[in-house]
Amino acid sequence: MAASKPVEAAAAAGGGGGGGGSGLPRWQVALALGAPLLLGAGALYLWGRRRRPARGKGPSERKTPEGRASPGPAAPGGSSQPDGPGHEEMSPLDRAQAAKNKGNKYFKAGKYEQAIQCYTEAISLCPPEKNMDLSTFYQNRAAAYEQLQKWKEVAQDCTKAVELNPKYVKALFRRAKAYEKLDNKKECLEDVTAVCILEGFQNQQSMLLADKVLKLLGKEKAKEKYKNREPLMPSPQFIKSYFSSFTDDIISQPLHKGEKSDEDKDKEGEASDIKENSGYLKAKQYMEEENYDKIISESTKEIDVQGKYMAEALLLRATFYLLIGNANAAKPDLDQVISMEDANVKLRANALIKRGSMYMQQQQPMLSTQDFNMAADIDPQNADVYHHRGQLKILLDQVEEAVEDFDECIRLRPDSALAQAQKCFALYRQAYTGNNPLQVQAAMKGFEDVIKIFPRCAEGYALYAQALTDQQQFGKADEMYDKCIDLEPDNATTYVHKGLLQLQWKQDLDKGLELISKAIEIDNKCDFAYETMGTIEVQRGNLDKAIEMFNKAINLAKSEMEMAHLYSLCDAAYAQTEVAKKYGLKPPTL
């Protein structure tokens with residue numbers, strides 16, 4: 001069964017999202033760039049290579065003061081109050097410009113206090129109706145204050161400059177940096193958003209600041225909300241998809257005859273009631289009935305009495321704690337199973353796999369690697385270890401080692417269609433990001449072989465479709481998604497991917513949104529669908545609707561890290577609404 005987001009692992013190997021081929025932060029999609037969308041790695045990224053920086057707007061730091069604000073005669077001698085004939089004929093603006101020019105000389109000499117005095121004089125001399133000139137003088141004084149790290153004064157002077165010239169990029173960006181130093185993240189984000197829009201997202205320095213503050217805001221908000229969130233059971237489709245990625249997981253196997261009461265053993269094909277007084281066996285029965293909400297409580301009963309199936313109950317409870325996003329509760333249970341040397345080795349290996357995956361989700365790759373390696377040591381014939389470690393290696397951009405693990409998984413389980421498909425995708429991403437056409441061609445042939453040998457593997461079609469989309473073979477990619485839907489009509493994620501394809505292929509917004517709405521109809525807990533719809537609504541200019549969608553995705557997030565990313569998208573959209581109100585600035589829309 002195809003995973004909820006089939007190739008998230010491949011994102012870190014060079015696909016879309018936050019760190020792949022486009023080189024653009026994921027939040028930038030939520031800043032409505034107005035470019036066609038490209039599907040890849042379970043996320044969105046922009047068509048084409050990284051945008052070239054605008055001429056004259058490279059990454060060099062903007063810290064020099066402004067020159068002349070408007071055409072006019074230069075002040076003679078560069079002095080704020082020059083002597084000699086003609087001084088009486090200088091206009092107030094000329095005298096102000098002369099003071100500013102003198103301040104610029106002090107600034108360039110590193111004499112910032114004297115520069116501030118000259119800029120202050122220029123402000124006092126300048127006629128109040130000369131808005132553009134006044135704004136420049138305030139911005140120049142802010143630049144001098146910045147060198148002295150007087151951030152409050154920087155923000156105040158930049159505010160004056162922006163009041164006089166609302167689209168003054170230098171003043172907005174300097175105030176954004178000051179707000180960052182003052183820990184005013186919300187105000188910083190609004191200013192840098194305005195700068196990004198005014199510069200057409202072509203200045204790396206402002207984009208990096210936006211990325212930084214969005215991540216900080218996202219982490220802060222996610223940490224607080226995730227700590228107090230109500231546990232939420234994922235959809236049955238998601239849970240079944242999760243367990244389908246394991247083949248040696250004892251707790252996900254159906255009940256055996258010996259585990260049922262004598263009365264129930266003869267009831268073939270029926271859901272039977274467990275008569276034996278075992279919380280674990282009752283939990284397993286509820287699992288078969290897809291009555292997932294009762295599994296944790298029944299497992300707890302088995303654990304409390306230290307019953308026959310205590311190790312299994314600990315692992316089952318930990319698994320469902322992970323599924324509802326409660327990693328803190330899951331870890332002690334996993335730790336206990338791992339330390340039970342008399343327990344079935346497959347239980348311990350499975351606990352290590354799940355704890356290792358949890359560590360990776362928490363961005364602790366060293367601990368994750370240790371757990372996977374330990375699982376391989378204690379159960380070297382367990383195909384699941386190599387399958388899931390292969391996914392970890394892809395996340396760590398260790399593609400060759402990932403392929404070795406997938407090969408070992410396939411050796412142990414030749415019928416593992418999932419490992420075959422993911423191996424193909426790993427090889428494809430390596431070839432694609434390495435710009436190796438021959439290897440790309442070989443990887444594409446590998447996909448054809450996989451779907452021929454395993455025609456019932458929806459994951460194979462889904463991954464092949466993403467590779468085809470990269471290669472702009474949109475029609476064939478669409479056919480592959482149709483195959484997925486035929487095999488798994490209840491997989492909401494496939495509808496999202498197919499909807500995104502319509503946007504890139506045919507720029508058909510209506511069809512794309514129709515398919516994503518269908519995904520939500522199938523699974524109203526599909527956070528990926530809400531996230532994607534929010535991103536599209538931003539690009540359409542429907543910011544309030546986008547924020548609503550992002551908030552729905554936030555409430556469904558399965559990890560703190562995922563929630564932080566969603567908050568970044570939501571905050572980026574919200575910042576746009578504020579910028580639109582204040583400055584009338586809107587990015588281009590689809």
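Scanning all heavy atoms of the two residues, the minimum distance from Pro166 to Tyr583 falls at O-CD2, 3.6 Å. Minimum heavy-atom separation, Glu199 to Ser206: OE1-OG, 2.9 Å. Between Ala426 and Val399, the shortest heavy-atom contact is O-CG1, 3.6 Å. Summarising the geometry of Ala115 relative to Gly103, their closest heavy-atom pair is CB-O, 3.4 Å, with the distance given to 0.1 Å. The minimum heavy-atom distance linking Gln202 with Met207 is given by the pair N-SD, 4.4 Å. Closest heavy-atom contact between Met533 and Ile516: CE-CG2, 3.7 Å.
For the pair Gln507 (side chain) and Gln504 (backbone), a donor-acceptor distance under 3.5 Å is present. No side-chain donor-acceptor contact under 3.5 Å links Glu578 to the backbone of Tyr574. Thr532 places a side-chain N or O within donor-acceptor distance of the main-chain N or O of Phe528, the cut-off being under 3.5 Å. Checked by atom type and distance alone, the side chain of Tyr179 never pairs as donor or acceptor with a backbone atom of Leu189 at under 3.5 Å. Looking at Ser235, its side chain never comes within 3.5 Å of a backbone N or O of Asp523 through a donor-acceptor pair. Put simply, the side chain of Asn326 gets close to the backbone of Ala329: a donor and an acceptor are under 3.5 Å apart. In this structure, the side chain of Asp94 does not engage the main chain of Met90 through any donor-acceptor pair within 3.5 Å. The main-chain N or O of Lys545 is never found under 3.5 Å from a side-chain atom of Asn542 such that the two would form a donor-acceptor pair. Here the side chain of Lys102 pairs no donor or acceptor atom with the backbone of Gln97 at under 3.5 angstrom. Panel note: side chain Ser135, backbone Ala161; no donor-acceptor pair is recorded below 3.5 Å.
Counting only heavy atoms from C-beta outward, the side chains of Pro92 and Arg95 never approach each other to under 4.5 Å. Ile536 has its side chain out of reach of Met549: every pair of non-hydrogen atoms, C-beta onward, lies at least 4.5 Å apart. Within the 4.5 Å cutoff, the side chain of Lys582 has heavy atoms near those of the Glu190 side chain. Counting only heavy atoms from C-beta outward, the side chains of Asp470 and Arg429 approach each other to under 4.5 Å. When side chains are defined from C-beta on, Leu148 counts as touching Ile116, because their heavy atoms get closer than 4.5 Å. In this structure, Thr136 and Tyr168 have side chains that are in contact, with non-hydrogen atoms separated by less than 4.5 Å. Residues Tyr145 and Gln156 have side chains not in contact (no heavy-atom distance under 4.5 Å, counting atoms from C-beta outward). At a threshold of 4.5 Å between non-hydrogen side-chain atoms, the residues Cys570 and Ile554 count as touching.
Between atom NZ of residue Lys498 and atom OG1 of residue Thr493 there is a gap of 15.0 Å, rounded to the nearest 0.5 Å. In this structure, CG on Asp133 lies 5.0 Å from SG on Cys126, to the nearest 0.5 angstrom. Here the OH atom belonging to Tyr226 is positioned 8.5 Å from the CD atom belonging to Glu562, to the nearest 0.5 angstrom. Distance check, rounded to the nearest 0.5 Å: CG of Leu515 to CG of Leu500 gives 9.5 Å. To the nearest 0.5 Å, the span separating CE on Met358 from CG on Asp371 amounts to 8.0 Å. In this structure, CG on Leu392 lies 8.0 Å from OG on Ser357, to the nearest 0.5 angstrom.
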With side-chain contact (heavy atoms from CB on, under 4.5 Å) as the test, would you mind laying out the steps for Lys525 and Phe238 before giving the verdict?
CA-CA 9 Å; Lys525 294 181 180 179; Phe238 181 91; over 6 Å; no
- Message: Pair Leu322, Leu334 - check side-chain contact (heavy atoms from CB on, under 4.5 Å), show working.
- Response: CA-CA 10 Å; Leu322 290 173; Leu334 294 171; 4.3 Å; yes
For a side-chain contact (heavy atoms from CB on, under 4.5 Å) check, start with the C-alpha distance between Trp505 and Thr469, then their side-chain angles and the critical distance, and finish with the verdict. CA-CA 9 Å; Trp505 179 18; Thr469 303; over 6 Å; no
Go through Asn436 and Val440 one step at a time and tell me if the side-chain contact (heavy atoms from CB on, under 4.5 Å) criterion holds.
CA-CA 6 Å; Asn436 189 320; Val440 166; 5.6 Å; no
Between Asn551 and Tyr530, is the side chain to side chain donor-acceptor pair (under 3.5 Å) condition met? List the steps. CA-CA 9 Å; Asn551 279 322; Tyr530 291 114; over 6 Å; no
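One finds no salt bridge joining Glu401 and Arg389 here, because no Lys/Arg side-chain nitrogen approaches an Asp/Glu carboxylate oxygen to under 4.0 Å. Of the charged side-chain nitrogens involved, at least one lies within less than 4.0 Å of a carboxylate oxygen, so that Lys185 and Asp183 count as a salt-bridged pair. Ion pairing between Lys552 and Glu531 fails under the 4.0 Å rule for side-chain N and carboxylate O. A salt bridge does not link Lys177 with Glu180: every distance from a Lys NZ or Arg NE/NH1/NH2 to an Asp or Glu carboxylate oxygen is 4.0 Å or more. Of the charged side-chain nitrogens involved, at least one lies within less than 4.0 Å of a carboxylate oxygen, so that Arg174 and Glu146 count as a salt-bridged pair. Using a 4.0 Å cut-off between a side-chain N of Lys or Arg and a carboxylate O of Asp or Glu, Glu224 and Lys227 qualify as a salt bridge. With respect to the salt-bridge test (charged N to carboxylate O, under 4.0 angstrom), the residues Lys186 and Asp571 do not qualify.
Using a 30° and 60° split on the angle between ring planes, Phe425 and Tyr428 fall in the tilted class, from 30° to 60°.
Atom CD of Glu129 has more than 12 heavy atoms from other residues, nucleotides or ligands within 6.0 Å. In the displayed structure, Lys160 atom NZ is contacted under 6.0 Å by at most 12 heavy atoms of other residues, nucleotides or ligands. The number of heavy-atom neighbours closer than 6.0 Å to OH of Tyr359, taken from other residues, nucleotides and ligands shown, is above 12.
Between His565 and Phe550, the distance from one ring center to the other does not fall under 6.0 angstrom. Phe107 has its ring centre less than 6.0 Å from the ring centre of Tyr112.
Counting only N and O atoms by type, the side chains of Asn104 and Tyr119 include a donor and acceptor under 3.5 Å apart.
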